Q: 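Below is a structure I'd like to ask you about.
Below, chains carry the letters A, B, ... as their sequence lines are ordered, and counting in each starts from 1. Since the model is a prediction, treat every value here as computed from it, not as a measurement.
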Amino acid sequence: MPAPESLFWVAAVTIGIWIGIFLYCLSLERRLSKLEEETP
Amino acid sequence: MNLLIESFTILRKELTSELRSRVAVSSVGLFALTTLVAVAYQIGPYRIHEQDRPHLHAALLWIIVFFAASSGLPRVFVKEEDAHTAKSLRLAARPGAVFAGKFLFNLVLLLGLEAFLVPLFAVFMGFSVANLPALVLVLVAGALGLASSATMVAAIISRATGSATLFVVLSVPLVLPMLVFLIQGTRTAATVPELSALLPSLRAVVSLTGVTLVSSAFLFPVVWHD
Amino acid sequence: MAGVEVRFSGLSKRFGRRAVLRNVSGTARPGEVLVVTGPNGSGKSTLLNILGGLLRPSQGEVAYLADGRTVPKEEWHRHLGVCAPDLSVYEELSAVENLRFFTQVRGLRLHDRELAAVLEQLGLKGSDFFRPVKQFSSGMLQRVKLAQALVHRPEVLLLDEPSSNLDEAGHNLLKELVMAWRAQATVVVATNDPREVAWGDQVLELAH
Amino acid sequence: MTKTKKASLALLFLWFCVVIWAAFFYAPKAAGFKGESSRIVFFHVPQAWVAVLAFCVNLVASLRYLRHRNLLDDARAAAAARLGLLFAVLATVSGSLFAKVMWGSFWNWDPREVSIAILLLIYAAYFALRQAVSDPERRGSLAAAYAILAFVTMPFLVFVVPRIYWSLHPDTIISAQGSVKVQMHPRMFQVLVGSLLGFTGLFWWLYSLEVRLSRLRLRREEGGE
């Protein structure tokens, strides 16, 4: 049976992954908005 | 009514040119024969345990049928594009008649393949059947089902840079559910003498075939004309 | 007169990034020959393919008008005969079998004598009627292709480089045929041959 | 970016943080599962759901393309399929990790596994077909035709095969009788629904990014003839 601490670390890593995905998508969003302004 | 006549005109044309060139028949037949020989030589009637036979035989039989068919069925459309006759046909015939004619030709080809392959398979592999009419039903339903999706996929790949590999890649996901039911039905026909045991898998194959044919009727004109 | 008028307006065709046709319009009328000419790659074949309904234009429209009424696209094939380099006939079949097939799928029943008459009109000999087309020379094949375009007596005739592979005699035969056919049909010819450009009642020149 | 967009993205971010936290600490572990393995359900089910949702979006876009012949609809279909493929892979991986823990093997040829495998094959075939056609308009209609054909055969796999075959898979939300059957702890159910919503939101965001990119690409192509 895993200890509660290990569950904490799994949760932390999952949130870390989520933050990574979110920031990556956010940067895509920014770049895309800029491109949309440049293209007529 | 006219559509029926036009479909049979196309079927007759396919049969005549096939009789003269024999490309599809020989590729399908040779493919089936070589695979069967390879499988039978390695596995034979006695290498398989008695209780495993129906399972393995049913699966092997349909694998051979499907791959042999995939060497010949796409030709109905691919050869029209290769020989530059597709446009002439497109101008002359209604899409419904083209699909029906090609479907019927593939059906004839598949039934011929099964008539040739299954007796040999029974002999080489020691494949015994508890209910022969049931097996015939499964084989006919299988030919209908495979012919319907194969004809449609053939139409699609002939409009792409169509190759035999692409045919297999596109048809496997469509045909796999059908193959599952066909294998199950074949196993039932081989082991259970009652015809009623066959009904669930037969019903599944027939409804899958129906769905494929109905959606093909809508989609084929799109594929054919674009 | 009866017949089918082919009207096209604002036709453009792009293949991916490449524009082949730009804003082409015109009308082909019954009793007239419309010649489409222009350098290679100017889109003559593409235009004919669009007029025949074999290709969807990126922009613009084609309409077939019979007695002022628009013919729905599903019925075009009844009115249409096309001869083009990329439209072939079935090699394993004989000339007569080919014609029989192409009339029967259109729902017509012609007697073999009538089919033979069309082939004779195009200068093919009786001994060739029942040989597989595979054995034909390219000039003879071109005549069979022309027969395929004519056999069902279409009201619209689209000919793309109709004299390719034809000798001098074939060329003269073709001229007679086009002139005769003009009386009963709308004829569109795509060509680069100055002799054929001269057939036109109207000439549409495509720029590169 | 507009204000509502900013707000909804912030909401999505926080929502997922809460869902992840809740999946591990708010929801109880389910009885009958080894250790904490049941927690993967909060990620696995939404991934599978998004894969199926993407398949449906792909169908709608394909039908629209065939009706209006707008290349943007084809781009929408392709974008949905790409995301569907991605989420189907994720669902397969998370599912097979769970299978390893629960049943001792990564792959058991369970009917659910077979149906996701076929969904993967369909997506792969869809892209193989797209690559084999060079003319964009024809590519659109052939791919749309194939997608529709694949879509109509899918229900047989998802609903008929599991009925005929015995399945290891825990009953899904839609049971074999087709009625909604929830036998979960209410807290687990809340987290699962929250996660489904979060994943759906994430899918829409990714999807809109893809579509905007394709729109730009199409516009540039038209401009730069």
Side-chain angles (χ1 to χ4, degrees), chain B residues 77 81 145 148-181 183-185 187-188 199-226, chain D residues 55 59 62-63 65-69 71 74 81 85 88 109 111 113-166:
Chain B
F77 285 110
E81 299 288 342
S148 61
S149 36
T151 308
M152 194 60 201
V153 174
I156 292 177
I157 64 149
S158 73
R159 308 290 287 143
T161 44
S163 64
T165 343
L166 194 59
F167 178 82
V168 175
V169 168
L170 292 194
S171 53
V172 161
L174 297 184
V175 162
L176 213 55
M178 203 170 328
L179 283 179
V180 169
F181 296 119
I183 291 169
Q184 196 188 31
R187 196 168 63 222
T188 314
L199 281 179
S201 38
L202 204 60
R203 208 181 291 140
V205 173
V206 170
S207 46
L208 204 46
T209 308
V211 165
T212 312
L213 282 179
V214 169
S215 44
S216 301
F218 286 101
L219 293 174
F220 180 73
V222 172
V223 172
W224 179 237
H225 276 300
D226 264 301
Chain D
F55 200 40
L59 175 81
S62 299
L63 286 170
Y65 177 77
L66 290 186
R67 171 157 298 179
H68 303 295
R69 302 276 164 183
L71 278 177
D74 178 50
L85 182 62
W109 288 114
E113 290 176 341
V114 174
S115 41
I116 194 94
I118 296 210
L119 192 59
L120 283 172
L121 282 179
I122 289 177
Y123 281 135
Y126 179 79
F127 287 111
L129 175 62
R130 293 186 69 87
Q131 291 207 321
V133 193
S134 52
D135 178 44
E137 283 161 36
R138 187 185 287 176
R139 184 196 302 138
S141 50
L142 292 185
Y146 183 73
I148 296 167
L149 203 62
F151 190 90
V152 296
T153 54
M154 246 338 245
F156 282 85
L157 268 162
V158 178
F159 298 111
V160 182
V161 178
R163 268 197 223 190
I164 293 182
Y165 286 92
W166 165 82

Q: Do any of residues 213-222 of chain B come closer than 4.5 Å to chain D, heavy atom to heavy atom, and if so which ones, in number order?
A: B/Ser215, B/Ser216, B/Leu219, B/Val222

Q: Taking only residues two or more places apart in sequence, or in another chain, which ones meet D/Phe55 in a ring-ring contact (aromatic ring centres under 6.0 Å, His included)?
A: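 Partners of D/Phe55 by the ring-ring contact (aromatic ring centres under 6.0 Å, His included) criterion, ordered by chain and then number, come out as D/Tyr123, D/Phe151.
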
Q: Looking only at heavy atoms, which two atoms of B/Pro173 and D/Ala125 are closest? And how far apart?
A: CG-CB, 4.3 Å

Q: Given heavy-atom pairs under 4.5 angstrom as the criterion, report whether the side chain, backbone, both or neither of B/Ser149 touches chain D.
A: neither

Q: Just to be sure I understand the criterion: a residue of residues 134-144 of chain D counts if one of its heavy atoms is under 4.5 Å from a heavy atom of chain B. Which ones qualify?
A: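 Near chain B, by residue number: D/Arg138, D/Ser141, D/Leu142.
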
Q: Show the numbers, then the answer: is there a side chain to side chain contact (heavy atoms under 4.5 Å, CB included) between B/Val172 and D/Leu121?
A: CA-CA 8 Å; B/Val172 161; D/Leu121 282 179; 4.1 Å; yes

Q: Heavy-atom cut-off 4.5 Å, strictly under: side chain, backbone, both or neither for D/Leu66 against chain B?
A: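 For D/Leu66, the contact with chain B is made by the side chain alone.
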
Q: Rounded to the nearest 0.5 Å, what separation is found between the CG atom of B/Leu174 and the CD1 atom of D/Ile122?
A: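 It is 6.5 Å, given to the nearest 0.5 Å.
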
Q: What part of D/Arg69 is in contact with chain B, defined as an atom under 4.5 angstrom from a non-hydrogen atom: side chain, backbone, both or neither?
A: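 Answer is side chain: those atoms of D/Arg69 sit under 4.5 Å from chain B.
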
Q: Taking every heavy-atom pair that is under 4.5 Å apart, which of B/Val169, B/Val153, B/Val223, B/Ile156 has the most such pairs with chain D?
A: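 Answer, by heavy-atom pair count under 4.5 Å with chain D: B/Ile156.
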
Q: Can you tell me which portion of B/Met152 sits under 4.5 Å from chain D's heavy atoms? Options are side chain, backbone, both or neither.
A: side chain

Q: Taking all non-hydrogen atoms of both residues, which atom of D/Ala132 and which atom of B/Leu166 are closest, and how far apart?
A: CB-CD2, 3.7 Å

Q: State which residues pass side chain to side chain donor-acceptor pair (under 3.5 Å) with B/Thr188; sequence neighbours excluded, sorted by chain then number.
A: none

Q: So, does D/Tyr146 use its side chain to make a donor-acceptor pair with the main chain of B/Leu170 at under 3.5 Å?
A: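 Checked: pair present.
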
Q: So which heavy atom on B/Ala160 is nearest to which on D/Val133, and how close?
A: CB-CG2, 3.6 Å

Q: Nearest 0.5 Å please: distance from the CD1 atom of B/Ile157 over to the CG atom of D/Leu129.
A: 9.5 Å

